[in-house]
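Below is one structure, written out as structure tokens; the observations come after it.
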Amino acid sequence: MSRFHLHLVSDSTGETLEMVAKAALAQFEHADIVRHFWPMVRSRQHLDRIVPQLADNPGLVLFTLVNPETRQRLEDHCRQLSLPAVPALDAVTAALEDQLGQEAHGRPGRQHLMDDAYFKRVDAIHYTIAHDDGIGWENWEEADIVLAGVSRSSKTPTSIYLANRGFKTANIPLVIESPPPEMLYKLRKPLVVGLTTAPERLVQIRRNRLLSLNEQTETSYVDDERVREEVKFARRMFADNGWPVIDVTRRSIEETAAAVINLVGERERRDVSPKTGPKPI
């Protein structure tokens, strides 16, 4: 497959545009993509400086520009260069305008405003970092989510991802010889979620981890039978306490986090749903 140039032009940080491009490109295997990233394009002068790069590396231009003049100028340049230009969020914005009955604000980077949601995410990240790997269990009741699972079941990266979504997340490794704090069984506010994985996959991940640390790989930490016992121990704990369980064997961190957030939403909907009394006879 020939090399393909993709230009991402944004009037803000470009984070949204990058995620859109990443999601779309995931559908195309073995594509040889060269990405050109152009963030914070908010003036005619800035835009004119990148036009020669568009001409030297012709390809698809994907953009999020809310300023009409800058946007029109980019589209004019692309037309002159015979380059396809696609506004990444236009269809979604138009649909929302139609449904909400109001016009979108033409201000770049509004999703990055330092509002209450922003500070909530910052607070969640601080909390999550301070409550990794069982640390600070005395404050678990302040968490939104507590993840439990054996070693290397993706608890920490999932916790960090959830924190970036605004959820205070603690996590605890489950070890047969070292029972978790009693607080884990008494939590009321946080949703406790068990993470599990296939023992064979877990052994592989642990072996790779030990190799990366130049550690001996023939230990009980990677013993097949021992790992199966650990996973069985964790699953039994999840079942005994009625905690929801997510199998992370074939899930990415993003997919695991999405499943956790879905569980949080289901719990909230149950809590606010109208209670039904006894049915009349």
Side-chain angles (χ1 to χ4, degrees), residues 1-100 102-122 124-125 129 157-158 160-166 252-255 257-258 261:
M1 182 178 294
S2 60
R3 179 163 293 185
F4 174 76
H5 292 275
L6 176 63
H7 295 271
L8 305 177
V9 185
S10 172
D11 51 18
S12 186
T13 63
E15 179 183 350
T16 301
L17 194 55
E18 281 197 300
M19 287 192 294
V20 170
K22 181 179 179 181
L25 289 173
Q27 307 301 317
F28 302 91
E29 295 183 359
H30 313 302
D32 185 8
I33 306 294
V34 180
R35 301 190 199 191
H36 304 270
F37 185 44
W38 312 104
M40 308 304 292
V41 179
R42 296 184 177 180
S43 68
R44 173 175 177 170
Q45 293 77 12
H46 190 174
L47 178 61
D48 289 346
R49 285 198 299 270
I50 72 173
V51 169
Q53 295 294 329
L54 300 180
D56 292 342
N57 302 283
L60 174 63
V61 178
L62 194 62
F63 68 89
T64 51
L65 299 172
V66 297
N67 181 276
E69 182 182 347
T70 308
R71 175 192 177 114
Q72 184 62 54
R73 191 165 182 81
L74 173 64
E75 291 177 331
D76 289 343
H77 281 305
C78 288
R79 205 160 24 246
Q80 293 166 13
L81 296 170
S82 299
L83 300 180
V86 179
L89 299 179
D90 271 25
V92 177
T93 303
L96 286 171
E97 287 181 333
D98 182 59
Q99 293 297 312
L100 298 175
Q102 58 180 337
E103 189 173 336
H105 293 291
R107 294 199 291 273
R110 281 185 58 82
Q111 70 271 39
H112 302 296
L113 290 176
M114 295 177 68
D115 54 10
D116 289 343
Y118 172 84
F119 289 108
K120 180 182 178 182
R121 287 196 303 274
V122 172
I125 291 170
I129 292 174
T158 303
I160 297 298
Y161 189 94
L162 288 167
N164 276 279
R165 296 290 300 273
S252 66
I253 299 303
E254 295 86 351
E255 289 171 330
I261 293 172

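Just the heavy atoms: all of them, side chains too, but no hydrogens, waters or symmetry mates, feed the values below.
Residues I160 and I129 have side chains in contact (heavy-atom distance under 4.5 Å, counting atoms from C-beta outward). Within the 4.5 Å cutoff, no side-chain heavy atoms of L83 are placed close to those of H7. Annotation: side chain of P87 is in contact with side chain of F63 (closest heavy-atom distance under 4.5 Å).
Panel note: side chain R42, backbone D11; a donor-acceptor pair is recorded below 3.5 Å. Side-chain atoms of Q53 do not come within 3.5 Å of backbone N or O of I50 as any donor-acceptor pair. The main-chain N or O of M40 is found under 3.5 Å from a side-chain atom of H46 such that the two form a donor-acceptor pair.
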Worked verdict on E75 versus R71 for salt bridge (Lys or Arg N to Asp or Glu O under 4.0 Å): CA-CA 6 Å; E75 291 177 331; R71 175 192 177 114; 3.7 Å; yes
Evaluation steps, salt bridge (Lys or Arg N to Asp or Glu O under 4.0 Å), between D48 and R73: CA-CA 9 Å; D48 289 346; R73 191 165 182 81; 2.8 Å; yes
Under the criterion side chain to side chain contact (heavy atoms under 4.5 Å, CB included), I'd like the reasoning laid out for T16 against T64: C-alpha separation, chi angles, the key distance, then a yes or no. CA-CA 9 Å; T16 301; T64 51; 5.6 Å; no
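Note that CG of L47 is 10.0 Å distant from CD of E69, once rounded to the nearest 0.5 Å. If you take CZ on R121 and CG on L162, they are separated by 14.0 Å, rounding to the nearest 0.5 Å. Taking OH of Y161 as the reference point, atom CD1 of I261 lies at 7.0 Å (rounded to 0.5 Å). The distance from the CG atom of L8 to the CG atom of L17 is 4.5 Å, given to the nearest 0.5 Å. Atoms CG and CG, on N67 and L74 in that order, are 11.5 Å from each other to the nearest 0.5 Å.
G166 and A124 make their closest contact through C-CB, 3.7 Å (heavy atoms, listed as atom of the first residue, atom of the second, distance). Residues N164 and I125 come closest through the heavy atom pair OD1-CD1, 3.7 Å. The shortest heavy-atom contact between G59 and P84 is O-CD, 3.7 Å. Taking all atoms of both residues into account, the shortest heavy-atom contact from L62 to A21 is CD2-CB, 4.2 Å.
Annotation for E254: atom CD counts as buried by contact number, over 12 foreign heavy atoms lying within 6.0 Å.
Using modelled atom types and a 3.5 Å distance limit, the side chains of D76 and Q72 yield a donor-acceptor pair.
Applying the side-chain contact (heavy atoms from CB on, under 4.5 Å) test between L6 and each of N57, V34, L60, V61 identifies L60 as the sole match.
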